[in-house]
Protein chains: 2
Amino acid sequence: MSYTIGQVAQKMGLTAHTLRYYDKEGLLPFVRKSGSGQRVFSEEDLDWLVIIDCLKGTGMQLKDIKQYIDWCQEGNSTLRQRLEMFKKQKSRVEQQMSQLQQYMEKINYKIAWYTEAVANNSIDKAKQNKCLAAERARIFGQPGK
Amino acid sequence: MSYTIGQVAQKMGLTAHTLRYYDKEGLLPFVRKSGSGQRVFSEEDLDWLVIIDCLKGTGMQLKDIKQYIDWCQEGNSTLRQRLEMFKKQKSRVEQQMSQLQQYMEKINYKIAWYTEAVANNSIDKAKQNKCLAAERARIFGQPGK
DNA sequence: ATAAACTCTAGAGTTAACTCTAAGTCAAGA
DNA sequence: TCTTGACTTAGAGTTAACTCTAGAGTTTAT
């Protein structure tokens with residue numbers, strides 16, 4: 001089974017424009033072209049795109065993704081670099097997860113705070129809530145810093 | 001206690017340039033200026049910056065953060081909108097977390113794969129590993145799709 | 001009191017990642 | 001066969017978020 005650029009775009013949640021841009025940037029050297037010059041995506045190409053999406057979605061820049069793709073084209077001599085790259089990316093993702101967790105605490109605090117404020121239709125009442133104040137100190141740091 | 005723009009920049013891991021840019025964009029209407037025109041950041045201003053950082057770090061655009069800041073300046077009439085905003089942001093963060101989790105599975109698979117490939121110094125050997133193939137099918141989808 | 005380090009504004013420049021346009025070619029259905 | 005929609009390239013334009021420069025003023029430490 002093979003796919004046109006439009007079908008792949010839809011499957012991956014991108015535009016055909018974006019896919020051509022990636023190709024131009026050297027991220028899709030594996031994609032074949034038909035006799036008339038149209039890109040023909042294979043099942044395997046979709047797997048590549050899933051990995052590209054994964055690296056992009058975890059904050060890697062296109063030029064670094066290209067580095068990885070280039071290593072893949074070079075063969076077995078770059079296996080170590082590729083393994084290292086994924087290990088580095090893993091630790092970045094772990095960082096992102098713990099960062100997101102901290103952001104979530106702040107957001108949850110704000111939701112509790114505004115829920116209280118909306119209930120009283122006033123900011124000042126929420127400010128007097130002892131329970132929220134304790135929560136605030138825990139998440140944002142001491143009041144008298 | 002109050003802080004100069006440089007001190008705040010260091011505390012927040014930004015540059016003074018960036019803080020001035022945020023100010024220009026209307027994100028810091030609460031920051032006072034000294035008689036000679038220099039910005040003077042209070043303890044409370046740092047809390048604002050922590051929230052701005054939280055919203056930015058969870059993918060909100062500066063113009064939407066400004067919307068929130070504007071609502072805050074408007075007083076009690078916008079409490080509901082602000083609560084809604086944080087609830088929306090919370091669900092975005094939940095999405096991001098589950099997305100990151102899925103990316104992590106793919107990265108872990110790749111690490112396992114490349115670890116095997118490096119051990120054999122060959123891609124082909126890794127391809128024959130049944131255990132990794134099963135893992136691959138689980139994470140990337142069926143082979144014959 | 002003076003040098004060094006910091007701050008100010010206005011505005012120009014940069015970067016990454018698209019996003020779109022033009023002008024043409026190709027493929028599938030009536 | 002014709003039309004409609006999808007595809008092609010080259011290249012220009014856009015957007016968000018900085019990032020930097022110039023030239024002037026301010027603060028701090030000796």
Side-chain angles (χ1 to χ4, degrees), chain A residues 1-42 45-46 48-49 51-70 89 92 96 99 103, chain B residues 1-42 45-46 48-49 51-70 89 92 96:
Chain A
M1 190 59 187
S2 69
Y3 307 91
T4 67
I5 197 169
Q7 291 170 325
V8 173
Q10 185 149 41
K11 248 179 215 280
M12 297 299 302
L14 301 167
T15 67
H17 283 308
T18 301
L19 282 169
R20 284 189 207 103
Y21 166 68
Y22 286 177
D23 197 6
K24 193 159 59 174
E25 294 297 300
L27 268 68
L28 318 176
F30 42 80
V31 175
R32 303 270 160 227
K33 297 218 180 166
S34 73
S36 61
Q38 308 212 350
R39 290 174 188 80
V40 179
F41 289 76
S42 70
D45 296 346
L46 291 181
W48 279 103
L49 286 172
I51 287 301
I52 288 170
D53 173 65
C54 171
L55 294 173
K56 189 162 66 82
T58 52
M60 188 178 283
Q61 291 191 6
L62 296 190
K63 72 172 181 343
D64 295 322
I65 299 176
K66 175 170 159 43
Q67 169 69 275
Y68 167 65
I69 302 282
D70 288 347
Q89 199 63 9
R92 278 182 71 174
Q96 289 168 19
Q99 180 70 94
Y103 287 143
Chain B
M1 189 57 188
S2 69
Y3 308 92
T4 66
I5 197 170
Q7 291 169 326
V8 173
Q10 185 150 43
K11 250 180 213 284
M12 298 298 302
L14 300 168
T15 67
H17 283 309
T18 301
L19 282 168
R20 284 191 209 102
Y21 166 67
Y22 286 177
D23 197 7
K24 194 161 58 176
E25 293 298 300
L27 267 68
L28 317 176
F30 42 80
V31 174
R32 302 270 161 229
K33 296 217 180 167
S34 73
S36 60
Q38 308 214 348
R39 290 174 188 81
V40 179
F41 290 76
S42 70
D45 295 347
L46 292 181
W48 280 103
L49 285 172
I51 287 301
I52 288 170
D53 172 65
C54 171
L55 294 173
K56 191 162 63 82
T58 52
M60 188 179 282
Q61 290 191 7
L62 297 190
K63 71 169 177 355
D64 296 321
I65 298 176
K66 175 171 159 42
Q67 169 70 276
Y68 167 66
I69 302 283
D70 288 347
Q89 199 63 8
R92 277 181 72 175
Q96 289 168 20

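Protein chains get the first letters and strands the later ones, always in sequence-line order, with residue 1 at the start of each.
For the pair A:Gln7 CD and D:dG5 C1', the computed distance is 13 Å after rounding to whole Å. Between B:Lys33 atom NZ and D:dT26 atom P there is a gap of 13 Å when expressed in whole angstrom units. Note: OH (A:Tyr3) to C1' (D:dA6) measures 18 Å, nearest angstrom. Distance CZ (B:Arg39) to P (D:dT27): 14 Å, rounded to an integer number of Å.
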**Request:** For the pair B:Phe30 and B:Ile69, evaluate side chain to side chain contact (heavy atoms under 4.5 Å, CB included) and give the outcome as yes or no after the intermediate values.
**Result:** CA-CA 9 Å; B:Phe30 42 80; B:Ile69 302 283; 4.3 Å; yes
**Chi angles and distances behind the side chain to side chain contact (heavy atoms under 4.5 Å, CB included) call for B:Tyr22, B:Lys56** = CA-CA 12 Å; B:Tyr22 286 177; B:Lys56 191 162 63 82; 2.8 Å; yes
**Request:** Mind running side chain to side chain contact (heavy atoms under 4.5 Å, CB included) on A:Gln89 and A:Leu55 for me, showing each step along the way?
**Result:** CA-CA 8 Å; A:Gln89 199 63 9; A:Leu55 294 173; 4.0 Å; yes
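Applying the side-chain contact (heavy atoms from CB on, under 4.5 Å) rule to B:Ala16 yields the partners B:Ile5, B:Arg20; only residues at least two apart in sequence or on another chain are considered.
Considering CD1 of B:Ile65 and CG of B:Asp53, their distance stands at 9.0 Å, rounded to 0.5 Å. Atom CG of residue B:Asp23 and atom NZ of residue B:Lys33 lie 6.0 Å apart, to the nearest 0.5 angstrom.
Heavy atoms only, all atoms of each residue included: B:Val8 and B:Leu49 are closest at CG1-CD1, 3.3 Å.
Side-chain atoms of A:Asp45 come within 3.5 Å of backbone atoms of A:Ser42 as a donor-acceptor pair (strictly under, hydrogens ignored).
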**Message:** For nucleotides 11-21 of chain D, give me one character per nucleotide, 5' to 3': B if any protein heavy atom sits under 4.0 Å from the base, S if the only such contacts are to the sugar-phosphate, - if neither.
**Reply:** B-----BBBBB
Review item, nucleotides 27-30 of chain C N/O atoms under 3.5 Å of protein N/O:
unit_1, atom_1, unit_2, atom_2, d
C:dA27, OP1, A:Ser36, OG, 3.2

